[in-house]
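Inspection log for the structure reproduced underneath, given as structure tokens.
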Amino acid sequence: MTYSRRNMVEEQQEASQKIKQIAAICDELNFKLGPIDWEQYGMQAIVNVNGIDIARLIEFSQIERDYILRRVQIQLLAQAALKSAHAHSGVKVLMWSPVDVSKPEEFLSLWIITLETDERIPIAETIKNGQRVYEPYVFDREDKQQFVKLFGPPSEGEYRPGEVVTLKEREREFTGEILYSIPPGKVIPGRRQASRGYHTVAGTAYTDGAAARYIVDCKDGFPHIVNQSQVSRGEQIS
């Protein structure tokens, strides 16, 4: 696009004002905002946070705290997951799923990032040295104290830890071993796979005393967290 000098000056002024607003929100959110070359590129300048390119200035349709947080989060979570998985160039993230943890003292939030390879990467969002960072979360299936810290005390359900079950999630079937059961509560309902989808925890509470949520290891990364209605008994693994 060809700009007259007047149009270019107006765009630079708009870009400068928008950057000031974004910078103030990033500072509030503990994001490290990189230099933005608005003088040369105007509204086409790239916004860089924590060393990662997020989007062009013109693509920030809203200048609000929650919008900026979400826009930056999805990029930083994706980059952390892809780096952790050593994924080759071109691999995409399919889903961003927050984990409803019981006592997240160690981090701001915990996410499962699902790649198009079906690998499930846990990423913790924390504050370090005054900066919001995204790093792989080390999960140990043998550490029962970690289960308690993440999900609270174990619960009784129809299925028991050690059982091999089949579960349905996003219109697909998986087979895995139950590691832990927790009380019914808000759960992630089945969803269609969505390219670059950003998802929030939602659902309804179950009141059936026999119902529970299960932590199921399907050998594809961080275990699946599913409600009892998604689970059936599977083939025993020899």
Side-chain angles (χ1 to χ4, degrees), residues 14-38 41-85 87 91-116 120-139 149-151 185-189 191 193-203 221-222 225:
E14 181 184 359
S16 176
Q17 179 62 29
K18 202 165 195 176
I19 289 167
K20 290 177 182 177
Q21 295 171 321
I22 292 174
I25 293 173
C26 283
D27 185 62
E28 177 187 344
L29 293 171
N30 299 103
F31 284 129
K32 183 179 180 181
L33 184 66
I36 303 174
D37 193 357
W38 58 271
Y41 297 104
M43 293 297 289
Q44 300 298 321
I46 298 294
V47 175
N48 183 287
V49 176
N50 290 16
I52 303 297
D53 289 346
I54 305 301
R56 296 175 299 171
L57 267 177
I58 198 170
E59 295 172 6
F60 281 80
S61 59
Q62 301 176 43
I63 305 298
E64 298 175 353
R65 186 182 188 279
D66 289 347
Y67 175 84
I68 299 295
L69 174 60
R70 185 179 73 171
R71 193 71 192 259
V72 175
Q73 266 184 332
I74 62 174
Q75 290 290 350
L76 299 188
L77 284 164
Q79 289 298 320
L82 291 168
K83 182 178 179 181
S84 173
V91 171
K92 296 180 180 179
V93 171
L94 290 184
M95 292 202 307
W96 292 253
S97 304
V99 180
D100 185 13
V101 296
S102 178
K103 296 180 179 180
E105 293 97 341
E106 297 180 5
F107 39 76
L108 298 176
S109 62
L110 180 64
W111 295 75
I112 302 169
I113 309 303
T114 305
L115 308 183
E116 63 181 351
R120 296 161 55 82
I121 311 296
I123 300 294
E125 180 187 44
T126 61
I127 297 289
K128 290 187 177 180
N129 299 319
Q131 183 177 328
R132 192 182 294 246
V133 298
Y134 298 83
E135 297 175 321
Y137 179 76
V138 179
F139 179 77
K149 180 183 292 186
L150 288 176
F151 305 112
K186 287 194 173 182
V187 297
I188 304 173
R191 308 187 188 90
Q193 291 191 19
S195 178
R196 305 190 69 79
Y198 182 96
H199 302 286
T200 56
V201 173
F222 194 86
I225 306 168

Which atom pair, heavy atoms only, marks the closest approach of [X] to [Y]?
X      : Y      : value
Ser102 : Phe151 : CB-C, 3.7 Å
Leu57  : Gly42  : CD1-O, 3.7 Å
Glu59  : Tyr67  : O-OH, 3.3 Å
Ala78  : Val93  : CB-CG2, 3.7 Å

Nearest 0.5 Å please: distance from the [atom1] atom of [X] over to the [atom2] atom of [Y].
X      : Y     : atom1 : atom2 : value
Gln75  : Ile52 : CD    : CD1   : 8.5 Å
Cys26  : Lys32 : SG    : NZ    : 13.0 Å
Ile112 : Trp96 : CD1   : CH2   : 14.5 Å
Asn48  : Ile46 : CG    : CD1   : 9.0 Å
Ile58  : Lys18 : CD1   : NZ    : 7.0 Å
Glu28  : Asn30 : CD    : CG    : 9.0 Å

- Query: For Gln62, does its backbone N or O pair with a side-chain atom of Arg71 as donor and acceptor, under 3.5 Å?
  - Reply: no
- Query: Is the backbone of Lys92 close enough, under 3.5 Å, to the side chain of Glu116 for a donor and an acceptor to pair up by distance?
  - Reply: yes
- Task: In sequence, state the C-alpha distance, the side-chain angles, and the governing distance for Leu69 and Arg132, and then conclude on side chain to side chain contact (heavy atoms under 4.5 Å, CB included).
- Result: CA-CA 11 Å; Leu69 174 60; Arg132 192 182 294 246; 3.7 Å; yes
- Message: Less than 6.0 angstrom from the centroid, inside 45 degrees of the normal: does Arg120 satisfy that with respect to the ring of Phe222?
- Response: no
- Go through the steps for Phe60 and Ile54 under the test side chain to side chain contact (heavy atoms under 4.5 Å, CB included), then give the verdict. CA-CA 10 Å; Phe60 281 80; Ile54 305 301; 4.0 Å; yes
- Query: Taking C-beta and beyond as the side chain, do Ile63 and Ile22 meet within less than 4.5 Å on heavy atoms?
  - Reply: yes
- Quick one: does Phe31's side chain get under 4.5 Å of Ile25's, heavy atoms only? no
- Test Trp111 against Tyr137 for side chain to side chain contact (heavy atoms under 4.5 Å, CB included), laying out the working first. CA-CA 9 Å; Trp111 295 75; Tyr137 179 76; over 6 Å; no
- Note on the structure: Paired with Ile113, the side chain to side chain contact (heavy atoms under 4.5 Å, CB included) test is passed by just one of Leu94, Ile74, Leu82, Leu77, namely Leu77
- Task: Apply side chain to side chain contact (heavy atoms under 4.5 Å, CB included) to the pair Leu110 and Leu150, showing each step before the final yes or no.
- Result: CA-CA 10 Å; Leu110 180 64; Leu150 288 176; 4.0 Å; yes
